[in-house]
Structure formats: C-alpha cells, structure tokens
*Asks:* 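One structure, pasted below without further comment.
Each chain gets a letter, A, B and so on, in the order its sequence line appears, and its residues count up from 1. Treat the numbers as computed from the prediction; the structure is a model and nothing was measured.
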There are 2 protein chains.
Amino acid sequence: MTAINDPPVALSIAGSDSGAGAGIQADIKTMAALGVFATTAVTAVTAQNTTSVREVHYVPTDMVDAQIDAVLDDLSVVSVKTGMLGTPAVVESVGRRAAEGGLPQLVVDPVMVASSGRIFLTPEGVEAYRTHLLPEALIATPNLWEASLLAGGTPSESDDVDSMIEMARRIHGLGPTWVLVKGGHLPGVESHDPGAAPVQVADVLFDGREVTVLTGAHVDTSNTHGTGCSLSSAIAAYLAHGADVTTAVTAAKEFVHGALLGGAEWHLGGGHGPLNHLGWKGEPPAGIRTRF
Amino acid sequence: MTAINDPPVALSIAGSDSGAGAGIQADIKTMAALGVFATTAVTAVTAQNTTSVREVHYVPTDMVDAQIDAVLDDLSVVSVKTGMLGTPAVVESVGRRAAEGGLPQLVVDPVMVASSGRIFLTPEGVEAYRTHLLPEALIATPNLWEASLLAGGTPSESDDVDSMIEMARRIHGLGPTWVLVKGGHLPGVESHDPGAAPVQVADVLFDGREVTVLTGAHVDTSNTHGTGCSLSSAIAAYLAHGADVTTAVTAAKEFVHGALLGGAEWHLGGGHGPLNHLGWKGEPPAGIRTRF
C-alpha cells in the first residue's frame, strides 16, 4: 500500500505507436487506469495505424539509456516492463542495466512481430533476448510465436497446451523467474468444469515448479491491437502495487478482458482497433487502490 | 455528440517526455480523461525528469510526416494540437500540411522553452512559427515568454494584462483565428468583483475583435510540470467533442485546475512534479460525454 497521494511509479521501455493502440501509448493508458504513474523510455518511433506498420525509426541506444537514467535518477520506479526494443544493441543494453540491479520487477514482453505481421527483430535480436534479457526477467510474457523462437523451435499455428507447457519449460531454463506463454485463440482448449462457459483463451504460467493453465472467455471483437502490450503493462502495474506474480497476472488478464469488452463495439480505424483501457469496469484485487 | 461507442479522435504532434509529466504523455492522459482517443506523431524524444531536460533526440522530419500520414489515412481526426516541434523544418512541414487542409481545428502550443529553462527552438524556429504555422492555427496558446518572442518583443518578467493584450493583438495579426496568451502567475492582477476569491492567474483570449481576460484561482503546488501541454491538449479534446473555442478554452482551464488540485499533494520526483490528469473530478460542459 502506498501513501494516499503517491501512486507507485513504473517504467515502460518500448516503442511509440502513432495509432496509439499499442506501445507506450497503451502502456500509459493501462497504467493510468490501474492507478500507476507510467514513465517511459522510447526505443523506436513507428508510423502505424490499425491496419499496418509503415515505418520504424530506431532511437539510438545511448538515447534509450539516457531516458532510463533520467527516470531512475529522479523517480522511485518499483516495476519495469519492456516492449518493442527494436535492436539487439538495446536488448543487450537493457539486459546489462537489469543485471546491475537497476530495473526492479522486470516484465519482459519480447515483442518480435506486430499483429500486422511485421517482424521487428532479427535473429541476433532473438539471441540477445535469450542471452542478456530473459535471465534478468521476473516474468517473460511471449506469445506463441515469440515463445517458439525463444524456445529454439519453429513458429507453428498448431501448438496446443502441451506444447505451450514445453515451451514455457525451455524458456524458463533461460533464466526468467516466471514465464507466461500466451495462447491467444487456441483451438481445442476446453474447460474441465462442465458447467463453465466455452473456453477459447488459454495461457500457461510456469515458475519452474508448478504449471498453471489460465483460461478465460474469448472476447468476440476485432479491436485487439495492443492486447499484448496492455497485458504486460497491467502485470507491471499490479506488481508496482505490491501484488505477487500470480495475483498480478490473473488481475492483469481480467483488466485486459475488461478493456477488450469496453472497446469491442467501437469503430476506430479500418483494421484492428485499440482496446478501451479507461473503459475497464472491474475491481482490482483487495488492498490495491487504482484511483488516485 | 458522437456515437455512443465511438470517441472522437485527436492528434498530438509533440515531443516525448520520459518523465511523463509533459509532452505526448500528458496529451494522452489529458485526452483520455476527457473522453477523446489521442493519436500521436512524436517529433522528439527527450530524456528528462521533474528536475531537468538532459538530452533531446530529434525525429527526422519525414518520419514525423509518416506518423501524421499513418494516423490521418486511417482514423477520423477531428482536432489536432502541436506541442514541441523541435526544428524549423518540422514547424514548416506541419504548417504546410495544415495549409493543405489536413489538420482540422489546429491548436498550436508554440513550445519554445521547458519550465526547466531549456530552450527548444532557434530564432529560425520562431520565424517558422510566425510564417508557416501560426497562420494555420484555429488557436495559438503561447505563454508570456513565447508570446513575447512571437510578437517580436523581448521576454520580460514584468508583463501585465495590458501588455498581454497588446501581444495577443500582434500575434493575431500573424494569422491565427484565436490567440490565448497565458499569464501564469501575474503579479498585480485583481478581480473586479469584490466578492471573488483572490485572483492570481490571468489569461488573455482574443479573436480579432473581442478581448476576454480569463481569471482563475492559483493552485498552490510545485507540481506544475506539463501544465501548458495539458491545457492545449484539453482545448483540442473539447474541440474534438464539438465545443466552440470559448467553451473549449474555459472548460480546458477548469480541467487543468482540477488536475493541478488532484496532484497538488503528491510526491513524484525531486523537482516540479506532474499533474494528476485522471484525478480531475469536474464535469464537462453540457452535451459532452467524457467517459467511454
């Protein structure tokens, strides 16, 4: 619990999305909605909208470092998330900072590809994640495609929960304390509770000992741009409030579900529209204050 | 009034503030708090915090253009604000876009200096504002210092309301439809209503015919970082909702007052802390819906 007038501070190290559905724009809105003051280190400026990523301008590594320094030197950052880092040099640099102990409660969302299909990272970038950044993560949150690459396999559309668990184990072997492999719309995932609603989303959470399969109802909307960014920043936000990892992940999934519902019907752009972060109507876990 | 599920869309063309008190970070939070979906074109990435601006990385002009294109080609932008543009080339380029009719309801906040004292613009930049951008503005919102430069005078600490009115007239002569000269903490400004609370803030609004002096109570806080950015984006947000300029300016000032009050007591950083945008507790003008 923080003092009544001081929200916890988190840092997002990520790209800028001009269409504001993803990137630091999604992170700022997510964290604000969850009562956390979001600071930023911009790694890349993208020209994108709901239909495509048109251009990417990478911010020099020393300028990314300067932003991180400016924030850490002045504000009491209690959790950090990384999103699109863009270049192997930035991945390595952020990993080095983390190894020095400067990036508390590090959530690594290993962004390698946009929902539009545009690839953001070279094979050297993937290797930099494996070698330098994942070992420092409190939790890594790859989607299926990213998990395949990080686990050393080949991306596949036919992955099931068993293969997600196997990928989580292999990624955990690289060093993060926790791994969340996000399943997206996995076919064939069913709830074991016969009374439950049809389950269409399943994520695998692993801490090196216990596997937890987190299931939830699918939201029927094409407004999904920025879902991954929002989930990882919501996890960082709840960690900033002092939640443990399991609580943070569970609550973050509920937040994203609510933000998807809140924007399910709106019309913003001709492609995959954004979530409605401030449209989340849920309640945070007990003891966490999301209004300030 | 917009459709119930479709918030109006605005565009902020501005710099990024890693400390997230000002720049696009303030714009995103301001607009989100006011029920507007904020898109962005990042002109510069700054490494700054509540105490100083340490480094600035300028985004290439063609990349700024690409971001504006990506947004305008896909989303129905109904108002635009400019903040820190950084280079004369960007000022000129944005002015050209506006002259072509591509930037509706343009709010020009001619950012030339940070509250920390760091100067962001060369004399060529000031001239670019005068020649290329101000003529396209629906409203320009300089502070005293910026107004002096744009009006062709010398910045002075001793400006009073009469000199603000004179500057507003001269800036209006450059072409903007409206001018708002922000007074900050002007000494010697008193309300003509003997029953009113002590007035310590006065702004001058001018449309070429009528001068309106807008007064308001000063908020006693050092957490003022991003006040100017927040005001101009709040004006753009209310314009996006369909408000006329006078209503938008008046309501935006109330919003900023509320956001200052909401963050007056918090402790974020060792210098001038940010406003609490989501801590605004006010009500928008009739007919405007700020929750979505």
*Asks:* Any heavy-atom pair between the side chains of B:D17 and A:T40 that's under 4.5 Å?
*Replies:*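 No, too far: nothing below the 4.5 Å cut-off.
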*Asks:* Got a donor-acceptor contact below 3.5 angstrom from the B:D6 side chain to the A:W266 backbone?
*Replies:*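 Absent.
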*Asks:* Does any backbone or side-chain atom of B:S16 lie under 4.5 Å from a heavy atom of chain A? Answer side chain, backbone, both or neither.
*Replies:*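 It is the side chain, since no backbone atom gets that close.
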*Asks:* Rounded at 0.5 Å granularity, tell me how far OG1 in B:T39 sits from CG in A:N49.
*Replies:*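 Between atom OG1 of B:T39 and atom CG of A:N49 there are 10.5 Å.
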*Asks:* Please flag which part of B:L11 lies under 4.5 Å from any non-hydrogen atom of chain A: side chain, backbone, both or neither.
*Replies:*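 No part of B:L11 comes within 4.5 Å of chain A.
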*Asks:* If contact means a heavy atom pair closer than 4.5 Å, which residues of residues 62-78 of chain B contact chain A?
*Replies:*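 So the qualifying residues are B:M63, B:A66, B:Q67, B:D69, B:A70, B:V71, B:D73, B:D74, B:L75.
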*Asks:* Checking B:S12 against chain A: side chain, backbone, both or neither under 4.5 Å from a heavy atom?
*Replies:*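 Contact with chain A involves no heavy atom of B:S12 at all.
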*Asks:* Just give me the residue among A:A38, A:G269, A:P274 that pairs up with chain B most often, heavy atom to heavy atom, under 4.5 Å.
*Replies:*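 Ranked by contacts with chain B, first place is A:G269.
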*Asks:* Once rounded to the nearest 0.5 Å, what's the spacing between atom CG of A:D27 and atom CD of B:Q25?
*Replies:*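 It comes to 11.0 Å.
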*Asks:* Which atoms of A:V45 are under 4.5 Å from chain B, going by heavy atoms: the side chain, the backbone, both sets, or neither?
*Replies:*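 Both parts, heavy atoms under 4.5 Å.
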*Asks:* I need the residue from B:S18, B:A41, B:G19 with the largest number of non-hydrogen atom pairs under 4.5 Å to chain A.
*Replies:*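 Result: the option with the highest number of such pairs is B:S18.
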*Asks:* Between B:G273, B:P60, B:G271, B:A47, which has the largest tally of heavy atom pairs under 4.5 Å with chain A?
*Replies:*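 With the most close heavy-atom pairs to chain A, the winner is B:A47.
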*Asks:* Working to the nearest 0.5 Å, report the span between CD1 of A:I28 and NZ of B:K29.
*Replies:*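 Taking CD1 in A:I28 and NZ in B:K29, the distance rounds to 6.5 Å.
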